[in-house]
Amino acid sequence: MARSVLVLNSGSSSVKFQLVEPDSGRSLADGIVERIGEDSSLASLTAGSVEVSRSGRVADHEAALRVAFELLEEVGARPEDHGLAAVGHRVVHGGPDFYRPTLIDDALIARVCQLAPLAPLHNPPAILGVEVARRAMPDIPHVAVFDTAFFHDLPPAAATYAIDHEIAERWHIRRYGFHGTSHQYVSEQAAAFLGVAPESLSQIVLHLGNGASVSAIVGGRPVETSMGLTPMEGLVMGTRSGDVDPGIISYLWRTAGMSVEDIESMLNRRSGVRGLGGEIDFRVLHNRIESGDEAAQLAYDVYIHRLRKYIGAYLAILGSADVITFTAGVGENDAAVRRDALSGMTAFGIELDEHLNDSPARTARRISPDTAPTTVLVIPTNEELAIARACAQVLDA
Ligand code: ADP
């Protein structure tokens, strides 16, 4: 029987889960439990052409995992009947210590708990998910896969903030980068799509989902990425501001009477495209722009402006890019964002084929003309498969 890995991505109010065969790459079932702790919790699961869902209060993460198992059983995808070999946990921040997929033990949990201040929104729910899953499946190896791992060896010039060196050292302040599993997976897929070795390519990967980040990758190794100490730096995102003048923080604290928590919450949850345009979903944002909504237009313009600024900066770092790849919800689906991000860049060797760009295809594809010096691709990301494969490597080591 083929072995499987249960991949868990535990957020503060949701648990995403997927049962994956790492060796064939097949996803057996893919589900989510959302709005944990609310009366209107929702759980759904897709397995092939079968979809099941249920609503009603799911009190906490422990209950969420129970519901996940019930749904898996309902569609005939009980992990234990599919050679469950490991549980893979997405952990956002590995801090200075963790940069390889690592077997989870009590010491790892204790250390990741110590790292919580570096990722207050992300690491605590991930650890909660790990603890609940270890209790439910004590005899199965649990593996942590860190979002920061791929960027561990960023060149010092890219990883270092120009702040007081001693303070940075003492408090582990550096640019860690996030979405690493996706950037690594997509850059490898881009090379495979082109039929060349990753070592031969200079790439820019644009991961544009609710969270968004860019990376520049040379010869398979990242040389720059837009997120930093936390996943707040860089691009304008669904609800996060991305880059701001750090002076804004002290100004609001001193003058507007906002606490650090207020400011952090504002920058994380009430900024970005939603903060400016009142909407997080790009499909709705486009509809609003069509109907003349000026706030939506400004949100879109700021989003695109920042994206172009980063693409330009990364082209300067690379000299030129062999490949630019769009991925994640917006990057894979929004032809207008792709067009506006890259328009007017023929001087840099970058062109889009409008017909290819407008195609609603869902598979990996080229959207630049054959003759353009830079190949532009759309490649669906698959962080769950990448996590499952990382777990399999740990087991095989
Ligand atoms: P995350 O994993 O960071 O939560 P995703 O990668 O799933 O985010 O991206 C979600 C976002 O993708 C949605 O908020 C929406 O803006 C965008 N999106 C999804 N489908 C489409 C589409 N067909 N057209 C435009 N944008 C889309």
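Predicted model only: the values in this text are computed from it and were never measured. Remember, it's 1-based here, ligands and their atoms both numbered in the order they're listed.
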* **Residues forming a side-chain contact (heavy atoms from CB on, under 4.5 Å) with Ala159, sequence neighbours excluded** => Leu154, Arg174
* Taking 4.0 angstrom as the limit, do Glu384 and Arg90 come out as a salt bridge? -> no
* To do: Could you name the protein residues that come within less than 4.0 Å of ligand 1, counting only heavy atoms, and order them by chain and residue number?
  => Gly209, Asn210, Gly211, Ile280, Asp281, Phe282, Arg283, Ala328, Gly329, Val330, Asn333, Asp334
* Asked: Under 6.0 Å between the ring centres of His122 and His93?
  -> no
* To do: Output all residues satisfying salt bridge (Lys or Arg N to Asp or Glu O under 4.0 Å) with Arg366, sequence neighbours left out; order by chain, then residue number.
  => Asp370
* **Remaining members of hydrophobic cluster (4.5 Å side-chain criterion), Ile32** => none
* How are the rings of His183 and Phe151 set to each other: parallel, tilted or perpendicular (split at 30° and 60°)? -> perpendicular
